[in-house]
Visitor: 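Would you mind keeping the following structure in view while I ask a few things?
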Amino acid sequence: MNREKIISRTLVIFTVLLLGMVAVPSATSLPTGVAGVKDSGCNCHGAVVSDSVIPTLEGLPETYNYSEIYTLNIAFTGGPADPANINQGGFNLWVSDGTITPSDASVQSWNPNEVSHTDAGNDQTSWTVEWTAPANDRNVQFILHTNSVNGNAGSAEGGTIGDEWNRLSIQISSPVVILEQANPYTVLTTLIVVSFVLLLTVLTFIFYQNNPESFDWEHFAPWVAGWLTTTDHKRVGTLYFLAGFFFLGIGGIMAILIRIQLMVPGNDFLTQDQYNQFFTLHGTTMIFLAAMPLINGAANWMVPLQIGAPDLALPRLNAMSFWLQPVGAVLIFTGVFSGTGADTGWTGYAPYIVSETAHVGTTMWVAGQILLVASSTLTGINFLTTIAVMRAPGMGWMQMPLFTWSILVANLMLFLSIPAFGVGLIQVYLDRVIGTAFYDAASGGDPLLWSHLFWYFGHPEVYVVIVPAFGIISEVIATSARRSVFGYRSMVYAMAGIGVVSFIVYGHHMFTSGMDPTLRFVTMLTTMLVAVPTGIKIFNWLMTMNGGSLVYRTHTLWALGFLVTFTLGGISGMFFPSMAMDLHFHESYFVVAHFHYVLVGGTVFGLFCGVYYWFPKMSGKMLNEKLGVLHFLTAFVTYNGIFWPMHRLGVWGMARRHHTYFISVDEVRGVDGEIITEAVLGALPPEAAGWNMFITVNAILFFFSNFILIANVVISLVRGEKAPADPWGGWSFEWLTDSPPPTPSFGRFENGEWHDLPTLADANEHVAHEPSRLGIWFSKLMVADKEEVEN
Amino acid sequence: MSDHDEHHHPSAWGPHDWTHGAPHNSWSPLIMSMGFGIFLFMLAEAFTNGVFNAGYVPLVFVGLFVSLVGLIIWWRQDMSFDGTYEPMATGAPFKNIQIRKVAIWVFLMSEMMVFTSLFSTYIRYRTGIENCQTVFERGDWMQQGYTLETGEALICFEPASHLIASSMWHIAPGAINTFALIISSFTIVQALRWAKKPFGTIDEEVRRKRVFRYLGSTWILAIIFLILKMTEWFIGFYVPEIEILGIHEHHIHSLYAEGYLINADHYHHHDWVDEATGATMLADISVSASTFYVTTGTHGVHVAGGIIGLTYMTFKAWTGGYTPKNAVSIEYFGLYWHFVDLVWVLVFPFFYLY
């Protein structure tokens, strides 16, 4: 075995260990909380359980009656407790449902479901509490810890020497025996682990497929090491795609859990606390860990190919950008499985985010976001430099493909806005860690400063995720319509215009924060201005199809679907800059409907479109068109089924970020049939329940419809038809190279210089001599304007 | 990997053959990222809401150590760098400019935004919260009970300059630092100048010595900057009696000793004793202290990052690593260093003088 192999093997093991170390905080995660009193036994005196202490809990029925109050007697015998001692013992009682209230001064309440003794109750061996049974059907668990104390509290040893403790666990059931309810944390953990194992299995299978003879560790370690250490833009792009789709799935799982919770009014599948964490992580995962990596995947793959560059300007820095993301992801997820994950919303509004009541996981969420900010900054440096300096000879700014333009504009926006977010995050991190006072309102800190720093980044960020989709759609519609895009220059100016305007609109996120009406008015105008360049783009796409002859491929369908859904999202977006409308729609499901229309119907549909369009180029294998069309049809229909009714719910006043809602009927009943009287105020019309059920069903269908894409990809990789260099008749540079492209993608490097890089003329030649099927159609069918030919 | 790849990718952790230009595999990004992750995690465990937990400090260092391992792998790959691979821009408008120089300028753009955000925070709080001195002079704090006796603290803005600019001695470290940074910007340019002199015009040994000495002086000046900063923040210094100059023996307290703490809840300054009644104004200045320490600290971290880079460069210069072929990489660092210098020129008046 040579030295190189030993080194790769050692480093793979080292990497696994480090990854484990990084992941440990996320994994120390009993579903019910590893550090909870009921598991570890509160301030139990002495290290081990003592059998001589016998706790008892009397007064519990076999099955309880709804809402009845039971008097419970807690007692213990045995151990060093003796009436002659100053102190005799203590206890802690935790119950899974219902509420416990102390009946005298010897007992104190920590939580509605947790009590323990007071100082006054220290010299007793029995205590009395009252337990109010839940109003619905539950399997209720009681966990009791008792300390038997020898009363040396004042001694130098600290008072707990020689004390003993024991634990008692009792389960009682409701009048109607019910099945054990699923624990959402267990569901989430299981699904994530299953997804991860599936991912690893598929990767191993792909390795096996590559070369079945060499399926051993000897070859596997260098193969894995090759991927872990790669700096090739195409391989890093693939890593981005893998990570992006993995987290798209995780975010989807959380969306489904949220939808299950909202399926019926008054549901309690998720508690408020769990719901807060799930929607926080759903937002964070989808924006930062799914959308951004998927965009970066497409950009990594296509930008160097489209501008005729051998690689990105700084390949090693590019790998760094990627690897910061999974590490950041691990930090972001820290604590969620043990119930202490970030619960601040993806906006992380101050002052809650710096308060001690925010979950411990919030600190790690902030730390993970700091790493993602670093990643985005490095990505920005890389892409701005690459696009500015590495275009093929002859390719001016105005000859760049529109996807490259979109990445340039998106990265410029991201790059100039994300430092503000980064600084805000560092301030929050320091507030939470060493105790600075940037957002501590009690010391004069201004919570709105966070909103400013966040939205100064946050609003450009939403354009950062949509503009690359514009680029993809421009490429796809032009190729599918078999003509150049209508109004190339206006497309470029429109994107650049969005880029500029994005920085002066963020105030519309803060209309309800007591902003100066004059500023509100200005922000209202600038926000409405965004519709102008966006409208120009929509009409240019329509005109492109009008002047061309459309070929219906899967990617064409996705592009057409994008036009519909994104336009709808754009129109619903026009309600928010209007101050009066915003005050009504603020914090309602109308907002949720709007941003999902633009983020799913815009960004995700655009990215799916890009995947179908470029997959043959990236893998060298064709995707199955029939499966592709099936994916589009199911996803498009169910997607609209999810988000269209949300507009209505929002108008009715259903509030976002709330873990449940109520409907107004004469008798409001929750999921278990219990009457919820306090719910009438602010309740929704009865139809809301039906629509929510409809949304949930569609959400589950939409989730599973995306498995068609995964199946399509796997089938194609295993036995797909081999892809030609230019299957669709596209004419930008990426279609010039083989499918998949070699490394380096273009040219060769000799004597410190690049040779044989393509020039813009090559792309024009390429169109004229396109050998593939569509290329032939292209040359026959395209009716080019005279000017265009001359250009 | 095929034999072809093996040839071009000699090792993912050792020195690279930079002459062929293709992407090189590297362990550095993965290891460095994990190091940063461990560091941020453990730092948050070591301090939680201002409560210190010493048990995690070794793990904070584990995080730093892992990052350092990544950084050393990165450098090790660069050590073979002989200047033959300095990619040039192909597209307008940067044609024939080094790609990495453009990248550094782009990077500085984001740095500009970092400090802009910090200054925004400063301006928000400086203009939005009343100055402690103003409140004290108005005197109404006594009626409102913000005194040491009542324990009630008044929220006000106490600029660090109120302490620092209070005496010539107190401001001395900051003033010396300003000149140290400006001189270091000069020495880095001298290093570049000597490294760039064409072959044959000077003796190579002279070149090696000059570049090494100028980079070394830059390194020393940067170290002086940080030492003086620590003195000003945490240590303080002693001023002896020099009668000829009319200097009296006294001790300059560090900001820390004066109670100007990053996480201070309450603070009272010796100046704020009402002479008529003897009452002492109690002020909550944590926002001002946070702003001061984090802004100047961010600048300090940039200097420290520069020192890490300079350490590598000085070592490389000592081995004779800089020739006209790759002198431009001194320029890349120089651009960053000038930026750090310029930021200080803004930080100094805002936080030390005004």
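In what follows, every heavy atom counts, from backbone to side chain, and hydrogens, waters and symmetry copies are set aside. Proteins get letters first, then strands, A, B, ... in listed order; numbering begins at 1 in each.
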Visitor: Nearest heavy-atom pair of A:G422 and A:V373: which atoms, and what distance?
Guide: CA-CG1, 3.9 Å

Visitor: Write down the atom of A:A313, the atom of A:T385, and the distance for their closest heavy-atom approach.
Guide: CB-CG2, 3.9 Å

Visitor: Picking from B:S288, B:P29, B:G128, which has the most non-hydrogen pairs under 4.5 angstrom with chain A?
Guide: B:P29

Visitor: Against chain B, label A:L314 side chain, backbone, both or neither, depending on which of its atoms sit under 4.5 Å from a heavy atom there.
Guide: side chain

Visitor: Is B:T121 in contact with chain A via its backbone, its side chain, both, or neither, using a 4.5 Å heavy-atom distance?
Guide: both

Visitor: Using the ring of B:W105 (Phe, Tyr or Trp, six-membered ring only), decide whether B:R100 places NZ or CZ under 6.0 Å from its centre and within 45 degrees of its axis.
Guide: no

Visitor: Quick check on A:L453 against chain B: is it the side chain, the backbone, both or neither that has a heavy atom closer than 4.5 Å?
Guide: side chain

Visitor: Looking only at heavy atoms and a cut-off of under 4.5 Å, which of A:I381, A:I434, A:L378 has the most pairs with chain B?
Guide: A:I434

Visitor: If you count heavy-atom pairs under 4.5 Å between each of B:I99, B:L30, B:V106 and chain A, which one has the most?
Guide: B:L30

Visitor: Could you look at B:T291 and say if it's the side chain, the backbone, both or neither that has a heavy atom under 4.5 Å from chain A?
Guide: both

Visitor: Before we go on, tell me: are the rings of B:Y125 and B:F157 under 6.0 Å apart, centre to centre?
Guide: no

Visitor: Side chain, backbone, both or neither: which part of B:L43 has a heavy atom under 4.5 Å from chain A?
Guide: both

Visitor: Shorter than 4.5 Å, heavy atoms on both sides: which option in B:I97, B:V102, B:V51 has the most such pairs with chain A?
Guide: B:V102

Visitor: Ring pair (Phe, Tyr, Trp, His ring centres under 6.0 Å) between B:H302 and B:F115: does it pass, once the steps are laid out?
Guide: CA-CA 11 Å; B:H302 279 75; B:F115 283 98; 5.1 Å; yes

Visitor: Would you please test B:W233 and B:Y293 for ring pair (Phe, Tyr, Trp, His ring centres under 6.0 Å) and show each step?
Guide: CA-CA 9 Å; B:W233 281 12; B:Y293 281 111; 4.9 Å; yes

Visitor: Taking all non-hydrogen atoms of both residues into account, name the closest pair between B:C156 and B:N131 and its distance.
Guide: CB-C, 4.3 Å

Visitor: Under 4.5 Å heavy-atom distance to chain B, tell me which part of A:L414 shows up: side chain, backbone, both or neither.
Guide: neither

Visitor: Given the side-chain rings of A:Y456 and A:F421, with only the six-membered ring counted for Trp, is the space between their centroids under 6.0 Å?
Guide: no

Visitor: Select one option (side chain, backbone, both, neither) describing which atoms of A:M364 are under 4.5 Å from chain B's heavy atoms.
Guide: side chain

Visitor: So, for A:H233 and A:F383, is the gap between ring centers shorter than 6.0 Å?
Guide: no

Visitor: Would A:R432 and A:T363 count as having a side-chain donor-acceptor pair, cut-off 3.5 Å?
Guide: yes

Visitor: Taking side chain as everything from C-beta outward and backbone as N, CA, C, O, which of these in A:I370 sits under 4.5 Å from a heavy atom of chain B? Side chain, backbone, both or neither.
Guide: side chain

Visitor: Side chain from CB out, backbone as N, CA, C, O: work out which of these in B:I155 comes under 4.5 Å of a heavy atom of chain A, or both, or neither.
Guide: side chain

Visitor: For B:L118, which atoms come within 4.5 Å of any heavy atom of chain A: side chain, backbone, both, or neither?
Guide: both

Visitor: Could you tell me whether A:F333 and A:W365 have their ring centroids closer than 6.0 angstrom?
Guide: no

Visitor: Only pairs of heavy atoms separated by less than 4.5 Å count here; which of B:A89, B:S110, B:G63 has the most with chain A?
Guide: B:S110

Visitor: Among the options A:G445, A:A442, A:A437, pick out the one with the most heavy-atom pairs lying under 4.5 Å from chain B.
Guide: A:A437

Visitor: Side chain, backbone, both or neither: which part of A:Q325 has a non-hydrogen atom closer than 4.5 Å to chain B?
Guide: neither

Visitor: Starting from the C-alpha separation in whole Å, work towards a yes-or-no answer on side-chain contact (heavy atoms from CB on, under 4.5 Å) for B:V347 and B:F119.
Guide: CA-CA 9 Å; B:V347 168; B:F119 273 98; 4.0 Å; yes

Visitor: Need one label for A:A309: side chain, backbone, both or neither, based on atoms under 4.5 Å from any heavy atom in chain B.
Guide: neither

Visitor: Please classify the contact of A:L430 with chain B as side chain, backbone, both or neither, using a heavy-atom distance under 4.5 Å.
Guide: side chain

